[in-house]
Asks: 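Pasting in a structure now, in structure tokens, and then I'll have a few things to ask.
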Number of protein chains: 2
Amino acid sequence: MSEIRVLTEDQLRGAIHLDAALIAVIEDAFATLARGGVVMPQVLSMHMPDVNGELDVKTAYVPGLPGFAVKLSPGFFDNPARGLPSTSGLMVVLSSQTGRVQAVLLDNGYLTDLRTAAAGGVAARHLSRPDSARAAIFGAGLQARMQLQALCLVRPIREAVIWARDPARAGALAASMTKPGLTVRAEADPARAAGFGDVIVTTTPATQPILRAGWLRAGQHLTAMGSDQAGKNELDPRCLDRADLYVADRVGQTRLMGELRAALEAGIVATADGLPELGDIIAGHHPGRTDPGQITIADLTGTGVQDTAIATHALAAFSKDS
Amino acid sequence: MSEIRVLTEDQLRGAIHLDAALIAVIEDAFATLARGGVVMPQVLSMHMPDVNGELDVKTAYVPGLPGFAVKLSPGFFDNPARGLPSTSGLMVVLSSQTGRVQAVLLDNGYLTDLRTAAAGGVAARHLSRPDSARAAIFGAGLQARMQLQALCLVRPIREAVIWARDPARAGALAASMTKPGLTVRAEADPARAAGFGDVIVTTTPATQPILRAGWLRAGQHLTAMGSDQAGKNELDPRCLDRADLYVADRVGQTRLMGELRAALEAGIVATADGLPELGDIIAGHHPGRTDPGQITIADLTGTGVQDTAIATHALAAFSKDS
């Protein structure tokens, strides 16, 4: 019986970053999902209304990888008033051969932040126009920052706008991200923000649409990554009708908790059957964007296979050290 | 942000035992479940057929407790050929106030073994006749041993018989458990074993019934704790018809993966609606056994609230130390 490796948030932050290698890892995870053989159960969700908290547990088994991750993601929404982030959690890595615990990654959600941002990069790489130079980010939180960073890794982004309900936060984020070769500014008008982006990313916890279908223009790619629960909704459901191509990270999830859910409920989309997944495009099972004028949408809810992939990536980094 | 406590299997084995205090903790957990307010989602189950493995994730939130546990229970059934136990796993304890990780209990299934045995003790305390002096145990594994130990904590057991498919294992277990005041012997005839016990406990992974309804006699209590998945079945479904009282640990689970499932499928039990749970009896919502001649059955599949209870109990023991 080998030792159980326990890695702290500080250790993980020091070793694992949002970079091209990580995007390749997450891209490969989606392709593996499309090729079949991956076992990915429905998310276990527990709501604790009296403490304004929730817990999600995700996992996925990927044949051929040495281990699989089980991720615990708590969200406790009274935390900010206590000076704590709402989300935290950890990942446990179990051996694919014996089931025994190999490692506990006490990341407090850091690896989730990374793999979520990396998925945005993967979506943009496979769905946006290769010449995309302008980004529009909706939201001003941590994922707003990281999604823009991810975009810059896969597309020649030179200008970006940030729209957020709180203009001061949008301005602060824009100022902190401007650097040589990248100009970022806040945009108070969401319609103008949407029109600006060759790539648009929505990163908010909105429960009512913040992006209207009429604001979209030919050639754009839009990634909606804020919705990960049945009550959330960032896009006017008509966006899905307006788009030439809708792609889910996992249809079984987006129909329950992504933008697809709202579009199905509104009757804008008749059925989830046959909709492509991001992995299908990476694996070459679906052509993806076939014309520069098309509008594409990626609906990302976060999948257990991303967790297993990044946990494996993180453990491998530390195995090299030891 | 406080430190995350990591406790090893050795530490936990040294501090937490199957004793009267633990049985009281688990008894209280069942009563709490009956009183309402507990949030206990469906078990997350993942099957990995190519490596003959499975993973169960259980959790329960109990209002008023400082934390809640999430338990990962892997079962990898090729492990014995490698010299490893099939089951292992850990529990993570999260704060009920902030969701942040408080502790990781690297117990390799030890706490599950304890809380499972303790539940058997709780069932016998509330359903068997107080004068029960004879036990019959079906199975010769770790739970066979622990269930008999638990019975001895709640009833004046003086004699016990062990039946197992492998008579040599039954004999070895019996020999190892005989001590002053307790005579244990192997019994090769399952009908005679069943007839012997004032309390019967089945602890096997059987997928076909090992106990026939015709073997039961008036006054007995029977706890079936082996079935915890849809494919398992220890009792002839007619046992449930023969019994005067059937009690589930959680009807929502036993109808899917306990003895109740097989009885529903066989049409022996018409509906799961209205069946009492162990907590109902402890909390006084149901009278339980009302006559010494009755036959009672407890169907135990294992619940997340037991995990949260024992994890809280374990953490409290270490908090006193520190």
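So that the names make sense, note that chain A is the first sequence line, chain B the second, and so on, each numbered from 1. Every heavy atom of this structure was used, including side-chain atoms; hydrogens, water molecules and symmetry mates were not.
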Asks: Heavy-atom cut-off 4.5 Å, strictly under: side chain, backbone, both or neither for T8(B) against chain A?
Replies: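 It is neither, since no heavy atom gets under 4.5 Å.
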Asks: Looking at F76(B), F68(B), F77(B), which has the largest count of heavy-atom pairs under 4.5 Å with chain A?
Replies: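 Most heavy-atom pairs within the cutoff with chain A belong to F76(B).
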Asks: Could you look at E54(B) and say if it's the side chain, the backbone, both or neither that has a heavy atom under 4.5 Å from chain A?
Replies: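 E54(B) has no heavy atom closer than 4.5 Å to chain A.
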Asks: Count the heavy atoms belonging to other residues, nucleotides or ligands that lie under 6.0 Å from CZ of R13(A), then report whether that count exceeds 12.
Replies: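 Enclosed.
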Asks: Does a side-chain heavy-atom distance below 4.5 Å link T59(A) with V57(B)?
Replies: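 Sidechains of V57(B) and T59(A): no contact.
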Asks: With respect to chain B, which residue among Q42(A), M40(A), R82(A), M48(A) yields the maximal number of heavy-atom pairs within a distance under 4.5 Å?
Replies: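 Greatest number of close heavy-atom pairs with chain B: M48(A).
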Asks: Grab the two heavy atoms, one from D50(B) and one from P63(A), that are nearest each other, plus how far apart they are.
Replies: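 Of all heavy-atom pairs spanning D50(B) and P63(A), the closest is OD2-CB, 3.9 Å.
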Asks: Indicate the atoms forming the closest heavy-atom contact of V51(B) with Q97(A), along with that distance.
Replies: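 Of all heavy-atom pairs spanning V51(B) and Q97(A), the closest is CG1-NE2, 4.0 Å.
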Asks: Write down the atom of P41(A), the atom of L44(B), and the distance for their closest heavy-atom approach.
Replies: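 Heavy-atom minimum between the residues: CG-CD2, 4.0 Å.
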Asks: Would you give the length of the straight line joining atom CG of L94(A) to atom CE of M46(B), rounded to the nearest 0.5 angstrom?
Replies: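 Interatomic distance, L94(A) CG to M46(B) CE, rounded to 0.5 Å: 8.0 Å.
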Asks: Can you give me the closest heavy-atom contact between L84(B) and R100(A), atom names plus distance?
Replies: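 It is CD1-CD, 3.9 Å.
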Asks: Could you look at V92(B) and say if it's the side chain, the backbone, both or neither that has a heavy atom under 4.5 Å from chain A?
Replies: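 Just its side chain gets close to chain A.
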Asks: Hey, could you give me the CG/OG1 distance between N79(A) and T98(B), rounded to the nearest 0.5 Å?
Replies: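 So the gap between those two atoms works out to 5.5 Å.
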Asks: Of the backbone (N, CA, C, O) and the side chain (C-beta and beyond), which part of V104(B) lies under 4.5 Å from a heavy atom of chain A, both, or neither?
Replies: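 Interface part for V104(B): side chain.
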Asks: Between G99(A) and P74(B), which heavy-atom pair has the shortest distance, and what is it?
Replies: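 Distance-wise, the nearest heavy atoms are O-CG, 3.1 Å.
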Asks: Identify which part of S45(B) has an atom lying under 4.5 Å from any heavy atom of chain A, answering side chain, backbone, both or neither.
Replies: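 Only the backbone of S45(B) comes within 4.5 Å of chain A.
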